[in-house]
Peer 1: 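Take this structure first; my questions come after.
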Amino acid sequence: SKLPGNKECADCTARITGWAVLPHGCFVCINCAQIHRHLGRHISQVKAFNTGTYLWYPDEVKAMELMGNEKAAHLYLGRAGKSDTAAQKPSEHDPAHKKEQYVRNKYERGLWVDPEFSFDTCHDSVLEE
């Protein structure tokens with residue numbers, strides 16, 4: 001969660017993240033974490049990363065380190081056109097049903113998934129130290 005792209009929720013404009021979404025490897029706010037819980041564990045699982053209350057397995061930690069919000073956006077929103085308003089991230093103040101529709105389209109339905117996504121061609125926007 002140390003990269004700047006992970007400081008804003010992957011699924012709305014909230015500035016505070018505290019939850020990790022597995023296996024997608026992105027960071028979300030508490031409200032979007034609740035939406036992911038409604039999708040079912042076969043699609044998403046959420047864990048708090050700053051409370052120390054969850055047991056983290058090595059593969060889960062690796063998934064979070066490998067992906068992050070910026071890479072997840074390249075993967076899950078890669079086919080969305082600039083004029084595709086449905087693919088635009090909702091505001092943190094939007095109603096829950098609007099956020100849920102966005103999250104379902106993004107992860108469950110995979111409407112905008114880039115089939116040519118590659119970690120080799122996708123880099124975070126900041127230089128890693």
Side-chain angles (χ1 to χ4, degrees):
S1 71
K2 295 177 183 175
L3 293 173
N6 296 337
K7 300 297 181 198
E8 180 174 291
C9 178
D11 295 327
C12 79
T13 60
R15 293 274 182 212
I16 299 173
T17 60
W19 295 83
V21 180
L22 297 161
H24 309 294
C26 57
F27 297 88
V28 298
C29 67
I30 182 75
N31 295 321
C32 289
Q34 290 297 91
I35 292 169
H36 279 273
R37 282 195 169 130
H38 291 136
L39 298 181
R41 291 191 61 156
H42 63 292
I43 297 170
S44 288
Q45 176 185 356
V46 293
K47 287 187 172 186
F49 63 81
N50 57 3
T51 63
T53 57
Y54 288 93
L55 176 63
W56 282 82
Y57 295 98
D59 62 319
E60 294 171 335
V61 173
K62 187 68 173 172
M64 298 308 297
E65 291 173 344
L66 185 63
M67 187 61 89
N69 287 1
E70 289 188 12
K71 289 178 185 146
H74 285 286
L75 171 61
Y76 291 104
L77 300 171
R79 271 194 348 210
K82 297 279 186 210
S83 62
D84 189 349
T85 57
Q88 292 175 1
K89 192 162 51 164
S91 164
E92 70 177 305
H93 304 293
D94 282 337
H97 69 86
K98 183 174 182 179
K99 292 180 193 176
E100 182 174 350
Q101 181 178 7
Y102 173 80
V103 168
R104 286 190 182 278
N105 285 340
K106 186 176 176 183
Y107 302 101
E108 183 178 31
R109 296 178 186 109
L111 293 184
W112 310 293
V113 169
D114 181 358
E116 297 178 13
F117 173 83
S118 168
F119 284 104
D120 296 332
T121 59
C122 179
H123 302 286
D124 291 310
S125 62
V126 294
L127 296 174
E128 297 183 45
E129 298 175 15

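What's counted below: heavy atoms across the whole structure, side chains too, no hydrogens, waters or symmetry copies.
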Peer 1: Using side-chain hydrogen bond (donor to acceptor under 3.5 Å, both in side chains), reason through His24 and Tyr76 one step at a time and then give a plain yes or no.
Peer 2: CA-CA 9 Å; His24 309 294; Tyr76 291 104; 2.7 Å; yes

Peer 1: Would you call Val21 and Val46 a side-chain contact if the rule is heavy atoms closer than 4.5 Å?
Peer 2: yes

Peer 1: Of all the heavy-atom pairs spanning Lys106 and Val113, show the shortest one and how long it is.
Peer 2: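 Heavy-atom minimum between the residues: O-CG2, 4.5 Å.
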
Peer 1: Quick one: pull up CG in Asn105 and CG in Leu77 and give me the separation to the nearest 0.5 Å.
Peer 2: 10.5 Å

Peer 1: Taking all non-hydrogen atoms of both residues into account, name the closest pair between Ala63 and Leu22 and its distance.
Peer 2: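 For Ala63 versus Leu22, the nearest heavy atoms are CB-CD2, 4.3 Å.
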
Peer 1: Flag the pair Glu8 / Asn69 as yes when at least one side-chain heavy-atom distance between them is below 4.5 Å, and no otherwise.
Peer 2: no

Peer 1: Report yes if some heavy atom in the side chain of Met67 is under 4.5 Å from a heavy atom in the side chain of Leu75; otherwise report no.
Peer 2: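 In contact.
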
Peer 1: Just checking Ile30: does its CD1 atom have more than 12 heavy atoms from other residues, nucleotides or ligands closer to it than 6.0 angstrom?
Peer 2: yes

Peer 1: Any heavy-atom pair between the side chains of Ile16 and Cys29 that's under 4.5 Å?
Peer 2: no

Peer 1: What is the minimum heavy-atom distance between Lys99 and Ile35, and which atoms define it?
Peer 2: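 For Lys99 and Ile35, the tightest heavy-atom pair comes out as CB-CD1, 3.4 Å.
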
Peer 1: First locate atom CD of Glu108, then atom CD1 of Ile43, and finally report the distance between them rounded to the nearest 0.5 Å.
Peer 2: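 Interatomic distance, Glu108 CD to Ile43 CD1, rounded to 0.5 Å: 3.5 Å.
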
Peer 1: For the residue pair Ala20 and Met64, what are the closest heavy atoms and their distance?
Peer 2: CB-CE, 3.4 Å

Peer 1: A side-chain contact here means heavy atoms from C-beta on lying under 4.5 Å apart; do Pro115 and Arg79 qualify?
Peer 2: yes

Peer 1: Count I, L, V, M, F, W, Y as connected when their side-chain heavy atoms are under 4.5 Å apart, and connections chain through other members. Are Trp56 and Val28 then in the same cluster?
Peer 2: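 Linked within one cluster.
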
Peer 1: I'd like to know whether CD of Gln101 has more than 12 heavy-atom contacts from other residues, nucleotides or ligands below 6.0 angstrom.
Peer 2: no

Peer 1: Indicate whether any N or O donor in one side chain lies under 3.5 Å from an N or O acceptor in the other, for Tyr107 and Asp11.
Peer 2: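 Their side chains do contain a donor-acceptor pair, which is all the 3.5 Å distance test asks for.
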
Peer 1: How long is the gap from CG on Asn31 to CD on Gln34, to the nearest 0.5 Å?
Peer 2: 7.5 Å

Peer 1: With Tyr102 as reference, evaluate Gln88, Lys89, His97 under the side-chain contact (heavy atoms from CB on, under 4.5 Å) test and give the passing residue.
Peer 2: Lys89

Peer 1: Set out, in order, the CA-CA distance, both residues' side-chain angles and the distance that settles side-chain contact (heavy atoms from CB on, under 4.5 Å) for Thr17 and Phe49, then state yes or no.
Peer 2: CA-CA 9 Å; Thr17 60; Phe49 63 81; 3.8 Å; yes

Peer 1: Begin with the C-alpha distance, continue with both residues' side-chain angles, and end with the deciding distance and a verdict on side-chain contact (heavy atoms from CB on, under 4.5 Å) for Val103 and His36.
Peer 2: CA-CA 8 Å; Val103 168; His36 279 273; 3.8 Å; yes

